[in-house]
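Everything below concerns the one structure shown next.
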Amino acid sequence: QVQLVESGGGLVQPGGSLRLSCAASGSIARLNAMGWYRQAPGNQRELVAAITSGGTTNYSDSVKGRFTISRDNAKNTVYLQMNSLKPEDTAVYYCNAAVLVSMSYRHREFWGQGTLVTVSS
């Protein structure tokens, strides 16, 4: 029904930057809140940042001031600009979207496949 495709992960040195992208496609009547979560080995998945369709943002304390979430509603795409990266930011990052599905007109939540971010020297 709805697909979320992430890109932009990779290996970066501490202090470096990466930009993640997540494009939504499929049976989308309305794309509501979108967000980024991450999961490090042995840890639970945690919210990194979220953004409403109107542009209101929310960040976890651990990334405030370093990460910026944004979206392009015309492209159904959400971005995560990550600056001043630290080794503890190493994780698989997942895109999440709350969607009003056009075929069923039901609200559902979708996840991307994840993209690995490794911060290491």
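One-based numbering along the sequence shown. Predicted model only: the values in this text are computed from it and were never measured.
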- How far apart are the C-alpha atoms of T115 and V92, what are their side-chain angles, what is the distance that settles it, and do they pass the side-chain contact (heavy atoms from CB on, under 4.5 Å) test? CA-CA 5 Å; T115 184; V92 177; 6.0 Å; no
- Query: Can you list the steps and then say if R19 with M82 is a side-chain contact (heavy atoms from CB on, under 4.5 Å)?
  - Reply: CA-CA 6 Å; R19 189 193 195 206; M82 305 185 292; over 6 Å; no
- Message: Could you tell me if the side chain of L100 sits less than 4.5 Å from the side chain of Y105, heavy atoms only?
- Response: yes
- Message: Restricting to non-hydrogen atoms, name the atom on W36 and the atom on L47 that form the minimum distance, rounded to 0.1 Å.
- Response: O-CD1, 3.7 Å
- Check whether more than 12 heavy atoms from other residues, nucleotides or ligands sit under 6.0 Å from atom CD of E88, and answer yes or no. yes
- Does a side-chain heavy-atom distance below 4.5 Å link I69 with V78? yes
- Has the side chain of T90 got a donor or acceptor atom that lies under 3.5 Å from a matching backbone atom of V119? yes
- Query: Considering residues at least two apart in sequence or located in another chain, which fulfil the salt bridge (Lys or Arg N to Asp or Glu O under 4.0 Å) criterion with E46?
  - Reply: R38
- Taking the six-membered ring of Y79, is the NZ or CZ of R71 close enough (under 6.0 Å from the centre) and on axis enough (within 45°)? no
- Query: Passes side-chain hydrogen bond (donor to acceptor under 3.5 Å, both in side chains), S120 versus T118? Steps please.
  - Reply: CA-CA 6 Å; S120 175; T118 303; over 6 Å; no
- Query: Where is the tightest heavy-atom contact between G112 and E6, given as atom of each residue plus distance?
  - Reply: CA-OE2, 3.4 Å
- Nearest heavy atoms of L85 and L18, plus distance in Å: CD1-N, 3.8 Å
- What is the distance from atom CE of M34 to atom CG of N32, rounded to the nearest 0.5 Å? 10.5 Å
- Shortest non-hydrogen contact from A97 to L31? CB-CD1, 4.0 Å
- Query: Centres of the Y37 and W111 rings: under 6.0 Å?
  - Reply: yes
- To the nearest 0.5 Å, what is the distance between CG (L20) and OG (S7)? 8.0 Å
- Nearest 0.5 Å, what's the CG-CZ distance between D89 and F67? 4.0 Å
- Contact summary for P14 and S121, nearest pair of heavy atoms: CD-N, 3.7 Å
- Task: Carefully, step by step, assess L4 and C95 under the rule side-chain contact (heavy atoms from CB on, under 4.5 Å).
- Result: CA-CA 7 Å; L4 301 180; C95 177; 4.1 Å; yes
- Query: So how far is it from E109 CD to N96 CG, rounded to the nearest 0.5 Å?
  - Reply: 4.0 Å
- Note on the structure: What one should report as the nearest heavy-atom pair of S102 and I28 is OG-N, 3.8 Å
- Item | Distance, nearest 0.5 Å, that separates OG of S25 from CD of Q3 | 4.5 Å
- Task: Verify side-chain hydrogen bond (donor to acceptor under 3.5 Å, both in side chains) between N83 and S17, making sure each step is shown before the conclusion.
- Result: CA-CA 4 Å; N83 298 329; S17 298; 2.9 Å; yes
- Message: I want to check something: taking the side chain as every heavy atom from C-beta on, are Y93 and Q39 in contact at a cut-off of under 4.5 Å?
- Response: no
- Query: With the threshold set at 4.0 Å, does a side-chain nitrogen-carboxylate oxygen contact exist between D61 and K64?
  - Reply: yes
- Message: Does V99 form a side-chain contact (heavy atoms from CB on, under 4.5 Å) with R108? I'd like the steps, not just the answer.
- Response: CA-CA 5 Å; V99 180; R108 286 194 57 192; 5.6 Å; no
